[in-house]
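Okay, so here's the structure we're looking at.
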Amino acid sequence: MRLFKKIAVSALGAGLFLGALTGCSVSVDGNDYKAVSPVFDIEQFFDGDVKAWGIVQNRSGEVVQRFTVDINGRIDGDTLTLDETFIYGVGEGPTSRTWTIVKQADNSYIGRASDIEGPAKGTAFGNAFNFHYEMDLPVDDTTYSVTFDDWFWAFDDSTMMNRSYIRKFGIVMAEVTIFMQKQP
């Protein structure tokens with residue numbers, strides 16, 4: 001009987017632990033957006049100037065960064081280049097980043113930036129677009145190797161929302177929310 005209680009308590013603890021872990025995870029299925037319009041066209045949206053306003057929230061929901069980004073995009077052949085300039089109202093981070101994003105024959109995308117490890121893999125899903133990559137993220141005096149699960153959703157041809165889930169060991173450690181608007 002005593003052994004049964006130990007097993008039951010252990011099973012309950014494991015269930016609570018798994019429940020806590022799954023409660024911390026976010027899972028977006030791009031297939032849910034394949035038939036949603038308007039279709040997000042990454043080349044059309046970022047060809048020219050885009051203004052963005054964003055926040056980063058830690059696991060407890062506290063805003064640890066608030067920033068604006070000026071993005072200048074240009075297309076040369078099959079390569080989209082994005083020059084990003086960041087200004088921070090709260091917190092610190094990179095002041096600039098340049099992305100080069102190349103459309104592949106299967107309509108996926110490969111992106112690269114100097115502070116991104118390896119290639120970012122992009123996939124379009126109708127109204128949504130997903131960019132997935134790894135990054136060494138500097139925080140205070142330490143650098144954390146994290147995974148970005150970056151989702152974009154089009155509102156129309158000139159406005160878009162971006163949500164990024166920053167994961168360590170598969171657990172969401174921070175979330176980024178960015179509103180982007182194409183400039184005339």
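Worth saying up front: this structure is predicted, and the values here are computed from it rather than measured. Residues take their numbers from the sequence shown, with the count starting at 1.
Of the options V176, D149, I171, a side chain to side chain contact (heavy atoms under 4.5 Å, CB included) to I166 is made by V176 and by none of the others. With E117 as the partner, the side chain to side chain contact (heavy atoms under 4.5 Å, CB included) test is satisfied by one option alone out of V146, D136, T147: D136. A side chain to side chain contact (heavy atoms under 4.5 Å, CB included) with I71 holds for exactly one of F86, F46, W99; it is F46. Between F155 and the choices Q181, M161, M160, M180, the side chain to side chain contact (heavy atoms under 4.5 Å, CB included) rule is met once, by M161.
Looking at heavy atoms from C-beta onward, L80 lies out of side-chain contact with Y109 at the 4.5 angstrom threshold. Side-chain contact check for K121 versus I110: some heavy-atom pair is nearer than 4.5 Å. Contact annotation: the side chain of E175 approaches that of R163 to within less than 4.5 Å [non-hydrogen atoms, C-beta and beyond].
In terms of the salt bridge (Lys or Arg N to Asp or Glu O under 4.0 Å) criterion, residue partners of D115 (sequence neighbours excluded) are, by chain and number, R97. Qualifying salt bridge (Lys or Arg N to Asp or Glu O under 4.0 Å) partners for E43, counting only residues two or more places apart in sequence or in other chains: none.
Note that OG1 of T68 is 11.0 Å distant from CD1 of I178, once rounded to the nearest 0.5 Å. The OH atom of Y165 lies 13.5 Å from the NE2 atom of H132; values are rounded to the nearest 0.5 Å. Between Q57 atom CD and M173 atom CE the span is 14.5 Å, to the nearest 0.5 Å. With rounding to the nearest 0.5 Å, the separation of CG in N72 from CG in D83 is 6.0 Å.
Between F67 and Y88, the ring planes lie tilted relative to each other; the angle falls in the 30° to 60° range.
Remark: the backbone N or O of E92 is paired with a side-chain donor or acceptor of Q65 at under 3.5 angstrom. N127 places a side-chain N or O within donor-acceptor distance of the main-chain N or O of P38, the cut-off being under 3.5 Å. When atom types are taken as modelled, the side chain of E84 and the backbone of L82 share no donor-acceptor pair closer than 3.5 angstrom.
F45 and F40 have their aromatic ring centers within a separation under 6.0 angstrom. Aromatic rings of Y33 and F125 (six-membered ring for Trp) have centroids beyond the 6.0 Å cut-off, not under it.
Counted by atom type alone, N130 and D150 present zero donor-acceptor pairs between their side chains at under 3.5 Å. At a cut-off of 3.5 Å, with distance as the only test, no side-chain donor of R112 or T100 sits close to an acceptor on the other residue. Between the side chains of T159 and D156, at least one donor-acceptor pair of N or O atoms lies under 3.5 Å. Between D70 and T85, the side chains place no donor N or O within less than 3.5 Å of an acceptor N or O (distance only, hydrogens not considered).
In the hydrophobic clustering of ILVMFWY residues, with side-chain heavy atoms under 4.5 Å counting as a link, F152 and W53 come out apart. I42 and V39 fall into different hydrophobic clusters, defined by Ile, Leu, Val, Met, Phe, Trp and Tyr side-chain heavy atoms under 4.5 Å apart, directly or through other members. Residues I55 and W153 fall into different hydrophobic clusters, defined by Ile, Leu, Val, Met, Phe, Trp and Tyr side chains chained together at heavy-atom separations under 4.5 Å.
With salt bridges taken as basic N to acidic carboxylate O contacts below 4.0 Å, none links R74 and D47. Salt bridge D157/K182: absent, no basic N to carboxylate O contact under 4.0 Å.
Closest approach of G122 to F129, counting heavy atoms only: CA-CZ, 3.8 Å. Across all their heavy atoms, N162 and S164 have their closest contact at OD1-OG, 3.6 Å. Shown here for V90 and V63, the closest heavy-atom pair between the two residues is CG1-O, 4.3 Å.
More than 12 non-hydrogen atoms from other residues, nucleotides or ligands lie less than 6.0 angstrom from CZ of F179. Environment of CG in D76: sparse, with no more than 12 heavy atoms of neighbouring residues, nucleotides or ligands closer than 6.0 Å.
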Candidate pair K168 and S145, rule side-chain contact (heavy atoms from CB on, under 4.5 Å), full reasoning: CA-CA 7 Å; K168 178 79 176 169; S145 180; 4.2 Å; yes
